[in-house]
Number of protein chains: 2
Amino acid sequence: MKSKISHNVQYAIENVKLARPRKRAAKGDGLLLKREILDAAAELLTQTGSEEGVSIRAVAEKVGVSTPAIYIHFRDKESMIMAVCMEVFNELDRRLEVASSGVDDPVEVLRKQGIAYVRFALERPEHYRIVFMRRSATPLSEVYDIDPVSTNVFQRLLATVHQCQDMGIFPPGDGIQIVLALWSVAHGLASLLITKPYLPWPDIEEFADLIFKMARLGMSAFSEP
Amino acid sequence: MKSKISHNVQYAIENVKLARPRKRAAKGDGLLLKREILDAAAELLTQTGSEEGVSIRAVAEKVGVSTPAIYIHFRDKESMIMAVCMEVFNELDRRLEVASSGVDDPVEVLRKQGIAYVRFALERPEHYRIVFMRRSATPLSEVYDIDPVSTNVFQRLLATVHQCQDMGIFPPGDGIQIVLALWSVAHGLASLLITKPYLPWPDIEEFADLIFKMARLGMSAFSEP
DNA sequence: ACTGTTAAGTTATCACCGTCAACTTATGAT
DNA sequence: ATCATAAGTTGACGGTGATAACTTAACAGT
């Protein structure tokens, strides 16, 4: 398909690589490369717009290092991608925090966080995809030895839900179930928007507002006689 | 990792292949192979449990044919997977139809179809994934020259929603928006169950019931003063 | 300043993947 | 019986994740 051309390109790239080799890290500084790898992988993900674009070779080249060097810091590609996921997940958490900072009404907090959630997903669709739509061999929670419920995102949501319950807005009982329900709604909208953008969606922000209002009203309906 | 062993296995497989070559189809019967390929691909998807397991080579071998033979019937791997998706999508439609056949109350129809939807997704998680979580280069609707809204699934849902609107259960206005909202909820639950099975989910059937009830109540709340 | 240890890489290679160009062969109408 | 052609096969190419075996730069101890 691109035999001759790609050969030339490859040659050029190798020249660049040889011209600017990355300096080897000092003895205790192996983690420096790890950081560079994670950044390169994340950037490559947004650039190419798909996980397939993030090949070990592409990452290595971007960092200016040989391919197997990646394996010094990550067991395999899966681990590398997982590490990127973890960082994306943390960024999502920060976004949710910012979105609802200074807001008192817990219902309004949920609404703002819901919209921030969808917005984040649409801004970084491929990042969102690898976190929430991938078939990961081992769940993040296992790799990083974390109980998913003790995640910041989950705990933040749970606390807000508890507030709503205390105010009688949400029905009493297991708050976790309510969190899962709300999360399902937000995730459903976000992921369907990403994978099926050609469906006849209305204005996204308005529609998100409508759906979250529906969820809130529906949930509240349980606590009324 | 499995150099010696896999070599032997490969050898054995090739023996089998040589021992039982698939008979060449008659002149007008090229579609026979196409059918066999689709079945093999779908079966391989459930067997291996992941799209990566469905390699062109694996499919060809399963059918008992050489690798490039696949390309006689499909432009590329993407097209083959797409064709499988299409069939899965149609099966989902049949499931929804069966699930609500003989039911009159449109609200009950929606509930039954919702549960059938989630059940289908959990029964064939990888099938569901390639239809609803893949980043497809071109949407199904484009490949098959179909307006997504004119899909059976979509039309079926829309008709039921219209019934609910006529009965005053759902608010009047654009039924398509309501369909998208309900679909988002169902998809959110189904896909989150698939990708994050280790979350503290309650009993799935009960929980699905709860979520759909929430959605229904929430939606109805709009049509009340 | 020399040296041995070892962290931080590189080279070379493997098996597998999607894909294609070029060749072969079975089928069925003439 | 012949022959066009549908229905395949052989063999190869470049790209992928991964590994074993080698090299080299950095530092501690003398």
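In what follows, chains are A, B, ... by sequence order, proteins preceding strands, each numbered from 1.
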Would you kindly give the CD1-to-C1' distance between B:Ile70 and D:dT9, to the nearest whole Å? 13 Å

With a non-hydrogen cut-off below 4.0 angstrom, is A:Ile72 in contact with a base, only sugar-phosphate, or nothing? base

The salt bridge (Lys or Arg N to Asp or Glu O under 4.0 Å) partners of B:Arg24 (sequence neighbours excluded) come to none

Nearest whole Å is fine: how far is C:dA7 P from A:Lys34 NZ? 15 Å

Tell me: CG of A:Asp76 to C1' of C:dC14, nearest whole Å? 17 Å

Partners passing side-chain contact (heavy atoms from CB on, under 4.5 Å) against B:Glu91 (at least two apart in sequence or in another chain): B:Arg94, B:Arg95, B:Phe120, B:Arg124

Between P on D:dG17 and CD1 on A:Ile81, what's the gap in Å once rounded to a whole number? 9 Å

Between CD of A:Glu61 and P of D:dT16 the distance, given in whole Å, is 10 Å

Counting only N and O atoms by type, is there a donor-acceptor contact under 3.5 Å from the side chain of B:Ser55 to the main-chain atoms of B:Ala58? yes

I'd like a list of close polar pairs between nucleotides 21-24 of chain D and the protein, N/O only, cut-off under 3.5 Å.
| residue | atom | partner | partner atom | Å |
| --- | --- | --- | --- | --- |
| D:dT24 | O2 | A:Arg24 | NH1 | 2.9 |
| D:dT24 | O2 | A:Arg24 | NH2 | 2.9 |

Among C:dT10, D:dT10, C:dG18, the one nearest any side-chain atom of B:Ser66 is D:dT10

Separation of C:dC14 P from A:Tyr71 OH (nearest whole Å): 17 Å

Roughly how many Å is it from CD1 in A:Ile56 to P in C:dT13, rounded to a whole number? 21 Å

Given the structure, check if the side chain of A:Arg57 and the base of D:dG15 hold any donor-acceptor pair shorter than 3.5 Å. no

Set of side-chain contact (heavy atoms from CB on, under 4.5 Å) partners for A:Asp209, sequence neighbours left out: A:Arg111, A:Ile115

At under 4.0 Å, does any side-chain N or O of A:Ser55 touch on OP1 or OP2 of D:dT16? yes

What residues form a side-chain contact (heavy atoms from CB on, under 4.5 Å) with A:Val103, not counting sequence neighbours? A:Glu108, A:Val109, A:Lys112

Counting only side-chain heavy atoms from C-beta out, which of C:dT19, D:dT19, C:dT10 sits nearest to A:Ala69? C:dT10

Atom NZ of B:Lys23 to atom P of C:dA26: distance rounded to whole Å? 12 Å

With B:Ala41, which residues qualify under side-chain contact (heavy atoms from CB on, under 4.5 Å), at least two apart? B:Val54, B:Val59, B:Met80, B:Val84

Report the residue (A:Leu33 or B:Ala26) whose heavy-atom-nearest nucleotide on DNA chain C is the more 5′ of the two. A:Leu33

Should the pair B:Arg156-B:Glu97 be classified as a salt bridge under the 4.0 Å nitrogen-to-oxygen rule? yes

Using a 4.0 Å heavy-atom cut-off, does B:Ala25 contact any base of the nucleic acid, only the sugar-phosphate backbone, or nothing at all? sugar-phosphate

